[in-house]
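Index from 1, following the sequence.
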Amino acid sequence: MKKLILLIAVIFAGLSISFAQQRGGGGRDNSTPEQRAQKEVEKLNEKLALNQAQKDSVYKYALESAQAQNELFKNAGGDREAAMSSMKDLNTKKEAKIKAILTPEQLPKFEEFQKENKGRGAGRGR
């Protein structure tokens, strides 16, 4: 009986570890820049009902930003603070480009979307 309980505990622990790894290992985003850009387009389209030209532009800006972020972290040499500061600059530039292509009706919704998302990343640092 003890062996059966131990076996069940080991199986449960193994499943827990495998599920954690599938989710990206503790919340890290292991997706490609292309996947992250597409996800951003989908989220913004959901909130703002973008037309095709806007979707294409947002994808272009988001992809450029995601690729630059990958390079930042790759070349950061362990200086996370410097990388995060540069990443904020990249995001600010991307947001300005996106705002430039939005209609006056979409701008307030975009601002609201930005406010909602600002708090999401605050607790992720280690």
Side-chain angles (χ1 to χ4, degrees):
M1 185 67 177
K2 289 181 183 180
K3 289 182 182 180
L4 180 62
I5 292 173
L6 181 61
L7 178 65
I8 291 172
V10 169
I11 291 171
F12 181 73
L15 287 173
S16 297
I17 292 169
S18 102
F19 283 126
Q21 289 177 345
Q22 288 176 358
R23 284 195 342 236
R28 290 186 324 181
D29 187 5
N30 293 329
S31 57
T32 65
E34 291 81 6
Q35 290 169 327
R36 292 194 315 263
Q38 186 60 42
K39 189 175 182 180
E40 186 165 351
V41 170
E42 290 168 5
K43 284 182 181 180
L44 285 176
N45 186 46
E46 196 176 289
K47 289 282 186 181
L48 307 175
L50 302 173
N51 63 39
Q52 190 58 48
Q54 289 173 319
K55 288 180 195 177
D56 293 342
S57 294
V58 169
Y59 179 81
K60 176 184 161 193
Y61 303 146
L63 180 59
E64 289 172 359
S65 180
Q67 289 171 335
Q69 288 174 1
N70 277 5
E71 286 300 312
L72 273 174
F73 278 111
K74 189 164 73 173
N75 299 328
D79 189 357
R80 184 173 169 84
E81 292 301 319
M84 293 303 287
S85 176
S86 296
M87 202 156 86
K88 285 181 184 178
D89 293 340
L90 282 173
N91 284 334
T92 301
K93 290 175 185 175
K94 178 185 68 175
E95 289 172 14
K97 290 177 181 178
I98 291 172
K99 285 179 182 181
I101 63 165
L102 297 178
T103 65
E105 294 80 26
Q106 291 170 322
L107 278 171
K109 293 177 186 176
F110 180 73
E111 296 288 340
E112 180 182 327
F113 177 75
Q114 291 301 103
K115 286 179 186 174
E116 290 172 4
N117 287 328
K118 289 285 186 208
R120 294 177 81 208
R124 284 200 267 184
R126 292 182 187 216

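Checked by atom type and distance alone, the side chain of T92 pairs as donor or acceptor with a backbone atom of K88 at under 3.5 Å. Not a single donor-acceptor pair under 3.5 Å links the side chain of S85 to the backbone N or O of E81. At least one donor-acceptor pair under 3.5 Å links the side chain of N117 to the backbone N or O of F113.
Residue P33 comes nearest to Q67 through the heavy atom pair CB-CG, 3.8 Å, listed as atom of the first residue, atom of the second, then distance. When all heavy atoms of K94 and S65 are compared, the pair lying nearest together is CD-CB, 3.8 Å. In terms of heavy atoms, L50 sits closest to V41 at CD1-O, 4.4 Å. When all heavy atoms of Q54 and I101 are compared, the closest pair comes out as NE2-O, 3.0 Å.
For the side-chain contact (heavy atoms from CB on, under 4.5 Å) test, residues two or more places apart in sequence or in another chain that qualify with E111 are K99.
Looking at E116 and K47, a side-chain N of the basic residue comes within less than 4.0 Å of a carboxylate O on the acidic one, giving a salt bridge.
The list of salt bridge (Lys or Arg N to Asp or Glu O under 4.0 Å) pairs with a residue in residues 49-72, not counting sequence neighbours, reads E64-K97, E71-K74.
To the nearest 0.5 Å, atoms CG (L102) and CG (L44) are separated by 8.0 Å. Once rounded to the nearest 0.5 Å, the distance linking CD1 of I5 with NZ of K3 reads 13.0 Å.
Surrounding CD of Q52 are more than 12 heavy atoms belonging to other residues, nucleotides or ligands, all under 6.0 Å away.
Looking only at side-chain heavy atoms (C-beta outward), M84 and F73 come within less than 4.5 Å of each other. Contact check for Q69 versus N91: side-chain heavy atoms found under the 4.5 Å cut-off. Using a 4.5 Å heavy-atom cutoff, the side chains of I98 and Q114 are not in contact. Between Q38 and Q35, the closest side-chain pair of non-hydrogen atoms is not below 4.5 Å. With contacts defined as side-chain heavy-atom distances shorter than 4.5 Å, the pair Y61/E40 does not qualify.
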